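Notes follow the structure.
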Amino acid sequence: MKVVEKFVSINGEGTHAGELAVFVRFRGCNLNCSYCDTMWANEPGCPYAEESPEQIVSYIEETKVKNVTLTGGEPLLQKEMPELLRLLSEKKELRVEIETNGAVDLSGFRNGGGCVFTMDYKLPSSGCENGMRTENFSILEKKDTVKFVVGSRVDLERADQIIQEYGLIDRCHVYFSPVFGKIEPEQIVNYMVEHRLNGVRIQIQIHKVIWDPNRRGV
Ligand SMILES: C[S@@+](CC[C@H](N)C(=O)[O-])C[C@H]1O[C@@H](n2cnc3c(N)ncnc32)[C@H](O)[C@@H]1O
Ligand SMILES: Nc1nc2[nH]cc(C(=O)O)c2c(=O)[nH]1
Ligand code: SF4
Ligand SMILES: [Mg+2]
C-alpha cells in the first residue's frame with residue numbers, strides 16, 4: 001500500500017474530534033478538489049513507503065492509540081484496502097474511521113461492519129460534484145457521517161437540498177465544515193439559523209487552529 005505519512009495527533013474533524021487518533025495517509029486521488037489541503041499527497045511524484053497491510057496494523061498497534069483514521073488522498077483506491085480493513089476488524093479494541101470522497105462505491109467495504117465512514121459530498125465550489133455517487137447514501141448507518149465542505153452560499157444551498165432530498169438527518173451524522181480560510185463560519189451558522197437546519201453540526205478543523213494550517217503530520 002502507498003503510505004505518504006503516519007502520525008499520532010488529535011482528530012481535528014468528525015464525531016471523535018478532539019480525541020487522540022492514529023492517522024495513515026495514502027497516496028493518490030480520483031478527484032481534484034479546488035480547496036484540497038493535501039494536494040501534495042496526490043501528486044504522482046510524491047514520495048511514499050510501500051507497506052503491507054500487516055505492517056500498517058503493527059504500526060497502529062505499537063502506537064497504543066485506539067482511534068484509527070485512514071485518509072489520503074483517497075484511501076479506498078488502495079488495492080489492498082479490503083485486506084487491511086479485514087485485519088483491523090479483528091482488533092476489537094480499535095475504532096476505525098475512513099475519510100472518503102463520495103466518488104468511490106462503498107458497497108464492497110462494509111464487510112465485517114467494523115469501520116465508520118466519514119463521506120464527503122463534494123459541493124459546486126469543489127469543482128468535483130459530478131463525481132458524487134449518491135447511491136452510497138443508502139449504505140450509510142447511524143454511526144457514519146456525511147460531511148459538506150462549504151465554500152460559498154451556493155454550496156450551502158446545494159448541501160441543504162441534498163440533505164432534504166436524501167433524508168440525511170435521519171440516516172447518519174451531518175456536518176458542515178468551512179473551506180478553511182475561504183468562508184466565514186458565521187455565514188454558515190447564519191444559514192443554519194435562517195433555514196432551521198436542525199440536526200446539522202458545524203465543525204472547524206481543530207488542527208488548523210492549534211498548528212500552522214499548512215503543517216503536515218498533525
Ligand atoms: C484531504 S481529504 C482526504 C479524504 C478524501 N479524499 C476526502 O476528500 O474525503 C480529508 C478531509 O479534508 C477535507 N478538506 C480538504 N481540504 C480542505 C480545506 N481546505 N478546508 C476544509 N476541509 C478540507 C476534505 O473535504 C475531507 O473531508
Ligand atoms: N489532526 C488531523 N485530524 C484529521 N482528521 C481528518 C484528517 C484528514 O486529513 O483526513 C485530519 C488531519 O489531517 N489532521
Ligand atoms: S477528494 Fe479529498 S484528497 Fe482528493 S482532492 Fe478532494 S479533498 Fe483532496
Ligand atoms: Mg487533513
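Ligands are counted one by one from 1 in listed order, and the atoms in each one are counted from 1 as well. This chain uses plain numbering: 1 for the first residue, then up along the sequence. Excluded from the calculations below are hydrogen atoms, water molecules and symmetry mates; all remaining heavy atoms, backbone and side chain alike, are included. It should be emphasised that the depicted structure is a prediction, and the values quoted were computed from it without experimental measurement.
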Next on the checklist: Using a 4.0 Å cut-off to any heavy atom of D37, which atoms of ligand 1 qualify?
Outcome noted: 1 (C), 14 (N), 15 (C), 16 (N), 17 (C), 23 (C)
Checklist entry - Which atoms from ligand 1 have a heavy atom of E13 less than 4.0 Å away? => result 11 (C), 12 (O)
Next on the checklist: I need the atoms of ligand 1 closer than 4.0 Å to a non-hydrogen atom of C36, numbered in the order shown.
Outcome noted: 16 (N)
Next on the checklist: Heavy-atom contacts with ligand 2 below 4.0 Å: which residues, ordered by chain and residue number?
Outcome noted: S9, I10, N11, G12, E13, F23, R25, T71, E99, H207, V218
Next on the checklist: I need the contact residues for ligand 3: any residue with a non-hydrogen atom closer than 4.0 Å to the ligand, ordered by chain then number.
Outcome noted: C29, L31, N32, C33, C36, N42, G73, N101, K122
Item to check | Closest non-hydrogen atom pair, V193 against R196 | outcome: O-NH1, 2.6 Å
Item to check | Top protein contact for atom 19 (N) of ligand 1, by heavy-atom distance | outcome: Y35 O, 2.9 Å
Next on the checklist: So which atom in K122 and which in E129 form the shortest heavy-atom distance, rounded to 0.1 Å?
Outcome noted: O-CG, 3.2 Å
Next on the checklist: Check the orientation of F137 and Y121. Use parallel for under 30°, tilted for 30 to 60°, and perpendicular for over 60°.
Outcome noted: parallel
Checklist entry - Nearest protein heavy atom to atom 20 (N) of ligand 1, by residue and atom, and its distance? => result F180 N, 3.0 Å
Checklist entry - With a cut-off of 4.0 Å, which atoms of ligand 1 are near a heavy atom of E99? => result 4 (C), 5 (C), 10 (C), 11 (C), 27 (O)
Next on the checklist: Under 4.0 Å, heavy-atom basis, I'd like to know which part of K122 is in contact with ligand 1: side chain, backbone, both or neither.
Outcome noted: side chain
Checklist entry - Should you measure from each heavy atom of P178, which atoms of ligand 1 turn up under 4.0 Å away? => result 20 (N), 21 (C)
Checklist entry - Quick one: which ligand 1 atoms are inside 4.0 Å of a heavy atom on E74? => result 5 (C), 6 (N)
Checklist entry - Between K91 and E61, is the closest basic N to carboxylate O distance under 4.0 Å? => result yes
Checklist entry - Is the shortest heavy-atom distance from the side chain of I139 to the side chain of F109 under 4.5 Å? => result no
Item to check | ligand 1 contact by M119, heavy-atom criterion under 4.0 angstrom | outcome: no
Checklist outcome for this item: Between N101 and C29, the two heavy atoms sitting closest are ND2-SG, 3.7 Å
Item to check | Among N42, N30, T100, the one residue meeting side-chain hydrogen bond (donor to acceptor under 3.5 Å, both in side chains) with E74 | outcome: T100
Checklist entry - Between R110 and D144, does at least one N-O distance fall below 4.0 Å, as a salt bridge requires? => result yes
Item to check | Qualifying ring pair (Phe, Tyr, Trp, His ring centres under 6.0 Å) pairs, either residue in residues 58-80, two or more places apart | outcome: none
Item to check | Side-chain heavy-atom pair I10, H16 within 4.5 angstrom cut-off | outcome: no
Item to check | Apart from W40 itself, residues in the same hydrophobic cluster as defined by side-chain heavy atoms under 4.5 Å | outcome: V4, Y48
Checklist entry - Any ion pair linking E135 and R133 (charged N to carboxylate O, less than 4.0 Å)? => result yes
Checklist entry - Is there a side-chain contact between K147 and E99 (heavy atoms, below 4.5 Å)? => result yes
Checklist entry - What is the minimum heavy-atom distance between P53 and E80, and which atoms define it? => result CD-OE2, 3.5 Å
Next on the checklist: When you compare the side chain of T118 with that of E13, does any pair of heavy atoms fall below 4.5 Å?
Outcome noted: no
Checklist entry - Going by distance only, is there an N or O of K147 that falls short of 3.5 Å from an N or O of ligand 1? => result yes
Checklist entry - Which option, S126, G151, G73, owns the non-hydrogen atom nearest atom 4 (C) of ligand 1? => result G73
Checklist entry - For D120, is at least one N or O under 3.5 Å away from an N or O on ligand 1? => result yes
Checklist entry - Out of Q203, R95, K143, which one pairs with T15 under the side-chain contact (heavy atoms from CB on, under 4.5 Å) rule? => result R95
Checklist entry - Hey, is CZ on R153 packed in by over 12 heavy atoms from elsewhere, all under 6.0 Å? => result yes
Checklist entry - With respect to atom 9 (O) of ligand 1, which of T100, T38, L70 exhibits the smallest heavy-atom separation? => result T100
Checklist entry - To which protein heavy atom is atom 22 (N) of ligand 1 closest, and what is the distance rounded to 0.1 Å? => result Q205 NE2, 3.4 Å
Checklist entry - At a 4.0 Å threshold, what atoms of ligand 1 neighbour a non-hydrogen atom of G72? => result 1 (C), 3 (C)
